[in-house]
Amino acid sequence: MRVLSRYCLVASASSLAIAASAQERDPMLLYERDALTVRGHFQAGLNAVAEDNLFWDLAATTAPGSGFDPDTRWLESYIKPGISFEYRLDSGATLYGKLSGVASYTWGKDAFDYGDTGATTLEEAYIAIRGRLGPDATYDLSLGARELTLGTGMLIANGATSGFERGALKFGPRKAWEGAAIGRFTLGQVSGTAFFLDPNELPSTDGNNNLAGVDLRYDAPAGGYLGVTYVDVLNSESSYPKAAPGGVGAPSILPGGREGTRTLGLYGRTNPFDNGLENWTFTGEVAYQWNDRIDLEAWAGRVTAGYTFEGLAWSPNLTIGYQSFSGDDPNTTKLERFDPLYYQGSPSAWATGSKSASTFINSNVNALTLALRLQPSRQDTWTLSYAHIRANELNSPVQFGQATRVDLNGNVVSGVTDSHLADDLFLEYSRIINRNTFLTAGISVSFPGAGIDNVIGATADPWTGGFINVVVNF
C-alpha cells in the first residue's frame, strides 16, 4: 500500500510538473483536456504623445473662434482582455470562438481636441467552425464580431473606430467589425472569402454602414500573390461631398451618398526573383469605384519597388512607392472622389504620409514615398520615411472640414489652390524587449506646401511631434 501511495505521489508530482511546464510554454493556456482547449488573451498599451503646431495651425485662419490649441500633450492607454476556445469534433472539424473587449482612455487633449475621456466596448464575439472538404480543400465559417483584413488593407481592414469619445486616438486598439459573417474556402493555393460586414463606428458619427462582397486570392508557393476584391455598400447614411461647379463656392453634400457604391480592386506581389533581381520585390494595387445612383466613377492605385541590400550590415531595405486616389473634378457633373472605405491607415500600410495621414484621408491625394529600414539586431528596427503629398484636383474637397474658406474676392472656395500639400518626415524605432513586450518611439515633422500656405495666406510653420509607447501582448 505504501508503494502504491508513493507511486501515486510521484505520478501526481509528475503531472504537476508537466502542467507547470505547459504553463511556462504558454502562460495563457487555461485549460486543455481531450478535445477542448481554452486560452486567455491580454493586450495593453501606454502611449505618450506630444504635438506642436497641429495641422499647421490651420484653425487660426479657418476657425479663429474655435479656441483650438495647436500645441498639446496627452497620455493614452488601453487594455484588451479576452478568452478563446477550440473544440475538436469527432468529424475532424474544429469548433472555435473568441470573446474580448477594449477599455481605452485619454488624459489631456488629443489632436482633435478630445481629452479626459474613454470607453469600454465589446471587441470580438464570434463562433466559428473550420475543417477539411478534401485533401487540398478547407473551409472556415464564422459569425459575430471579429477582425477581417482583405488583400493589402487598401479597402477592408479597420473594422472599428477609436479616438474621439472612445479615447486612445493614436493607438487605435479597436479593429474588429461589430458584426461579421465570413466564409473562407481554400483549394490548394487558391482561397476565396465571402463576407458581410457591419463596422463598429463611433456612436456620434454612426453612418449605419453595411458592406458585402468577395475576395479571391492565389498565393504562390514561393511567396508572391495575386488577388481581386469586390465590395458593395448595401446600406449607408454616410454623406459624400461634391465640388462646387468650377471650384468656386461651398461643396454640396450628398446625404447617404455612399449607399450603392461598388469597388473592384486588383492587388499583387511578385515572387522572389532569381539572379540579378533576386533582392527586388514589387507590389501593385488598383481599384475602380462606381455608383450609378449618384453618377460616381472613381479610381485609386499604388505601385512599390523594394530592394534589400543583403550584403551590407543591418540588412538595409529601401522601398519607393507612388499612390494616388482620385478627387472630384469641379469642371464635370460626375463625382470622381474616391471613397477609401475602411483602409489600414498606419504609416507602414496605407497612410498618406505620417502626420498628414491625420488630415488627409485617401481621397483626392497622391504621394511619392520613400522608406529606409535598418535592423541593427533581431530586436531593433529603425525606419526613416519620407512622403511628398499633393492634391489630384484643385478647388475640390481634400481634407476633413473640406478646407472651405473665403478668398480675397469674397468667393467661397473648397480644397486648395495649389496641389503641393506637404512633405512629411518620420523616424521610428522599434524594440522587441521580450516575446510579449514591445517598445516603439518616433519623431516626425510635416513641412507645409504651397497649398497649405495659400489657405493661411502666409508661410505656414512646420508641424512637429513625437511619441513613445509600450505594448504588452499575451
*asked:* For a salt bridge (Lys or Arg N to Asp or Glu O under 4.0 Å) check, start with the C-alpha distance between D215 and R217, then their side-chain angles and the critical distance, and finish with the verdict.
replied: CA-CA 7 Å; D215 179 84; R217 173 170 170 151; over 6 Å; no
*asked:* The test is side chain to side chain contact (heavy atoms under 4.5 Å, CB included); show your working for V233 and L211 and say whether it passes.
replied: CA-CA 5 Å; V233 180; L211 314 118; 3.7 Å; yes
_Steps toward side chain to side chain contact (heavy atoms under 4.5 Å, CB included) verdict (W107, S77)_ = CA-CA 9 Å; W107 293 269; S77 68; 3.2 Å; yes
_Verdict with reasoning, F474 to F42, per ring-ring contact (aromatic ring centres under 6.0 Å, His included)_ = CA-CA 5 Å; F474 290 89; F42 183 78; 7.1 Å; no
_Criterion salt bridge (Lys or Arg N to Asp or Glu O under 4.0 Å) on R258 and D339, from CA distance to verdict_ = CA-CA 8 Å; R258 174 180 275 182; D339 181 350; 2.7 Å; yes
*Taking it one step at a time, do S377 and D380 satisfy side chain to side chain donor-acceptor pair (under 3.5 Å)?*
CA-CA 5 Å; S377 72; D380 300 286; 2.6 Å; yes
*Would you sort out whether S419 and R390 count as a side chain to side chain donor-acceptor pair (under 3.5 Å), showing the intermediate values?*
CA-CA 5 Å; S419 61; R390 305 182 73 87; 2.7 Å; yes
_Test side chain to side chain contact (heavy atoms under 4.5 Å, CB included) applied to N208 and D198, step by step_ = CA-CA 8 Å; N208 293 315; D198 176 10; over 6 Å; no
*Test side chain to side chain contact (heavy atoms under 4.5 Å, CB included) applied to F112 and L169, step by step*: CA-CA 9 Å; F112 293 106; L169 173 71; 3.7 Å; yes
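Applying the 6.0 Å contact sphere to CZ of F68 captures more than 12 heavy atoms from other residues, nucleotides or ligands. Environment of CZ in R184: sparse, with no more than 12 heavy atoms of neighbouring residues, nucleotides or ligands closer than 6.0 Å.
Of the residues T261, D328, I253, the one that meets the side chain to side chain contact (heavy atoms under 4.5 Å, CB included) test with Y240 is T261. Screening Y126, Y342, F196, F195 for a ring pair (Phe, Tyr, Trp, His ring centres under 6.0 Å) with W177, the sole residue that qualifies is Y342.
Between N158 and W350, every side-chain heavy-atom pair lies at or beyond the 4.5 Å cut-off. Residues W74 and D116 are not in side-chain contact: their nearest non-hydrogen atoms beyond the backbone lie 4.5 Å or more apart. Side-chain contact between E428 and F467 is present, with heavy atoms from C-beta onward closer than 4.5 Å. Side-chain contact between K170 and E51 is present, with heavy atoms from C-beta onward closer than 4.5 Å. For the pair L394/T417, no side-chain contact is recorded, criterion being any heavy-atom separation below 4.5 Å from C-beta on. Looking only at side-chain heavy atoms (C-beta outward), L30 and I83 come within less than 4.5 Å of each other. When side chains are defined from C-beta on, E393 counts as touching P330, because their heavy atoms get closer than 4.5 Å. Considering only heavy atoms from C-beta on, F164 stays 4.5 Å or farther from T117 through its side chain.
Heavy atoms only, all atoms of each residue included: A212 and L234 are closest at CB-CD1, 3.7 Å. Scanning both residues, G153 and T149, for their nearest heavy atoms gives CA-CG2, 4.1 Å. T61 and V455 make their closest contact through CG2-O, 3.4 Å (heavy atoms, listed as atom of the first residue, atom of the second, distance). Heavy atoms only, all atoms of each residue included: A367 and T352 are closest at CB-CG2, 4.0 Å. For the residue pair L335 and P241, the shortest heavy atom distance occurs at CD1-O, 3.7 Å. Between A349 and Q344, the shortest heavy-atom contact is CB-CG, 3.3 Å.
Of the possible donor and acceptor atoms, none in the side chain of D423 sits under 3.5 Å from a partner among the backbone N and O of Y386. Of the possible donor and acceptor atoms, none in the side chain of T229 sits under 3.5 Å from a partner among the backbone N and O of G265. Panel note: side chain R293, backbone E259; a donor-acceptor pair is recorded below 3.5 Å. Under a 3.5 Å cut-off, the side chain of S326 and the backbone N or O of A298 do not form any donor-acceptor pair. D424 places a side-chain N or O within 3.5 Å of a backbone atom of S354 that can act as its donor or acceptor partner. Looking only at distances, a side-chain donor or acceptor of E123 sits under 3.5 Å from a matching main-chain atom of K175. Checking side-chain atoms of T106 against main-chain N and O of A168 turns up a donor-acceptor pair under 3.5 Å. Side chain of S104 to main chain of R166: a donor-acceptor pair is present (N/O by atom type, distance under 3.5 Å, no hydrogens or angles). Of the possible polar contacts, none joining the E124 side chain to the A176 backbone as a donor-acceptor pair under 3.5 Å is found. At distances below 3.5 Å, at least one donor-acceptor pair connects side-chain atoms of N364 with backbone N or O atoms of P397.
Taking CG of N392 as the start and OG of S363 as the end, the distance is 9.0 Å to the nearest 0.5 Å. Here CH2 of W56 is found 10.0 Å from NZ of K355. Values are rounded to the nearest 0.5 Å. With values rounded to the nearest 0.5 angstrom, T37 atom OG1 is found 4.0 Å from E32 atom CD. For the atom pair NE2 of H41 and CE of M28, the computed distance is 7.5 Å after rounding to the nearest 0.5 Å. From I452, atom CD1 reaches atom CZ of F55 across 11.5 Å, with rounding to the nearest 0.5 Å. The distance from atom OG of S84 to atom NZ of K98, rounded to the nearest 0.5 Å, is 6.0 Å.
No side-chain donor-acceptor contact under 3.5 Å links S142 and D140. T437 and N434 form a side-chain donor-acceptor contact under 3.5 Å, judged by distance and modelled atom types alone.
Between W290 and Y230, the ring planes lie tilted relative to each other; the angle falls in the 30° to 60° range. In this pair, H388 and H420 present their aromatic rings tilted. The plane angle is within the 30 to 60° band. Ring orientation note: the planes of F338 and F325 are tilted relative to one another, at an angle of 30° to 60°.
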